[in-house]
Amino acid sequence: MSAVNDTKFQPAVFLLTGISGQEKFHVWISIPFCLMYIISIVGNSFILFIVKTDLTLHEPMYIFLSMLAITDIGLSLSTLPTILSIFWFNSREISFDACFAQLFFIHSLSITESSVLLSMAFDRFVAICNPLRYDSILTPPRIAKMGLGALLRGIGIMLPYPILLKHYQYCHANVLSHSYCLNQEVMKMACSDVRVHSIYSFFTTLASLGLDVLLILLSYVMILKTVLSIASHAERLRALNTCVSHVCVVLLFYMPEIGLSVLHRFVKNFSPFVLTVMGNVYLLVPPLMNPIVYSVKTKAIRARIIRVFVK
């Protein structure tokens, strides 16, 4: 009898949300979203093309940049179907399996991107603090292992999430606050005991994103210590300038993600509009801005882009 009661309240689908209160403007709102997706995918694909075709860019820094571009393309593609279907067709329904698959890709790619950003910080640390051993430390096989490790880390940490979520009963309101599925929100919809899932989610976040932020900060503390020991002011600026692009990208990635996590975990009453904006900034802005930042701030990338268009 209890099993019958459980299934009685089990919703068939989750309902995603566009811009709350602005439904009649969704078609117009979709225009900037389309532009953001186009710029993100084309921009990151262009970075990949430039690094692949220019042999002078086959260096660790640019190989890591290629990994970042691939991850950003994956993040854009993982949210594009549901966001545009809401704005264009008002199609808000998403099945359980599709929702769990989407949140798996979003979170695993986010962890992978965090790992790549940590690898890029390590690259800058070796280049500035131990330049004579740069080529011997960051060899192509080692870089390949770091990239594979970043991918496997994201998949391994996130794999239990959809498995656990699939076995829960969902008898609460099944309306999600975003245009895509996130683990924190789907977990709140369950009426089963989710304490194990919540504890696992908390510790995996600390062990992945939290640890990465700490190690990136440590890398830059050591970089600053090395730079400040350089006598020449011009050399100091030159060394720091090689880190500017990476610092900008790190801030663009972690600040929205930390802000959204704080809202979901610790703030009970917050504006749905603020939550929607934060959610879209969290997943749409980094893939959009990363190729722009590196194109503007990295001389080699900028020069190669100019050569492509001047021809």
Side-chain angles (χ1 to χ4, degrees), residues 40 43-76 105 108-158 207-209 211-223 226-227 238-254 286-287 289-295 297-305:
S40 298
N44 283 293
S45 298
F46 197 59
I47 292 288
L48 288 173
F49 170 76
I50 288 173
V51 173
K52 178 178 174 55
T53 56
D54 193 334
L55 295 179
T56 63
L57 298 181
H58 290 186
E59 298 177 5
M61 175 181 175
Y62 302 109
I63 295 173
F64 287 128
L65 178 58
S66 298
M67 294 178 188
L68 185 68
I70 293 171
T71 309
D72 282 337
I73 292 172
L75 275 173
S76 295
F105 282 111
S108 61
L109 286 169
S110 294
I111 293 172
T112 301
E113 180 154 341
S114 179
S115 301
V116 172
L117 290 174
L118 175 59
S119 299
M120 296 173 83
F122 179 69
D123 168 78
R124 291 298 86 207
F125 165 74
V126 176
I128 293 173
C129 299
N130 203 349
L132 297 179
R133 296 189 59 203
Y134 183 75
D135 291 331
S136 62
I137 293 175
L138 290 172
T139 59
R142 187 164 291 161
I143 293 170
K145 289 177 183 177
M146 291 170 72
L148 181 61
L151 179 62
L152 293 178
R153 182 192 187 205
I155 293 172
I157 289 175
M158 278 307 303
S208 55
L209 302 180
L211 180 62
D212 290 350
V213 170
L214 184 63
L215 291 175
I216 289 171
L217 286 174
L218 180 61
S219 297
Y220 274 102
V221 168
M222 298 176 73
I223 287 171
T226 301
V227 169
R238 190 176 297 112
L240 289 175
N241 192 51
T242 64
C243 302
V244 171
S245 299
H246 181 254
V247 171
C248 292
V249 168
V250 166
L251 292 176
L252 284 169
F253 178 77
Y254 286 109
M289 293 303 299
N290 289 351
I292 296 175
V293 168
Y294 273 97
S295 298
K297 296 300 297 180
T298 306
K299 184 178 179 181
I301 296 288
R302 186 171 66 247
R304 186 67 177 88
I305 291 173

Mind listing the closest non-hydrogen atom pair of [X] and [Y] along with its distance?
| X | Y | answer |
| --- | --- | --- |
| R302 | K297 | NH1-C, 4.1 Å |
| G154 | T112 | CA-OG1, 3.9 Å |
| I63 | H58 | CD1-C, 4.4 Å |
| L117 | H246 | O-NE2, 2.8 Å |

Using atom types as modelled and distance alone, determine if a side-chain donor or acceptor of [X] lies under 3.5 Å from a backbone N or O of [Y].
| X | Y | answer |
| --- | --- | --- |
| N290 | P286 | yes |
| N44 | S40 | yes |
| S114 | S110 | no |

Please examine the side chains of [Y] and [X], heavy atoms only from C-beta on, and report whether any two atoms are closer than 4.5 Å.
| X | Y | value |
| --- | --- | --- |
| M61 | T298 | yes |
| L214 | L218 | no |
| M67 | L151 | no |
| R153 | S208 | yes |
| F253 | D72 | no |
| I223 | C129 | yes |
| L48 | I73 | yes |
| I301 | Y62 | yes |

Tell me whether Y220 at atom OH has more than 12 heavy atoms from other residues, nucleotides or ligands lying less than 6.0 Å away.
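Yes, OH of Y220 has more than 12 neighbouring heavy atoms, counting only those of other groups under 6.0 Å.
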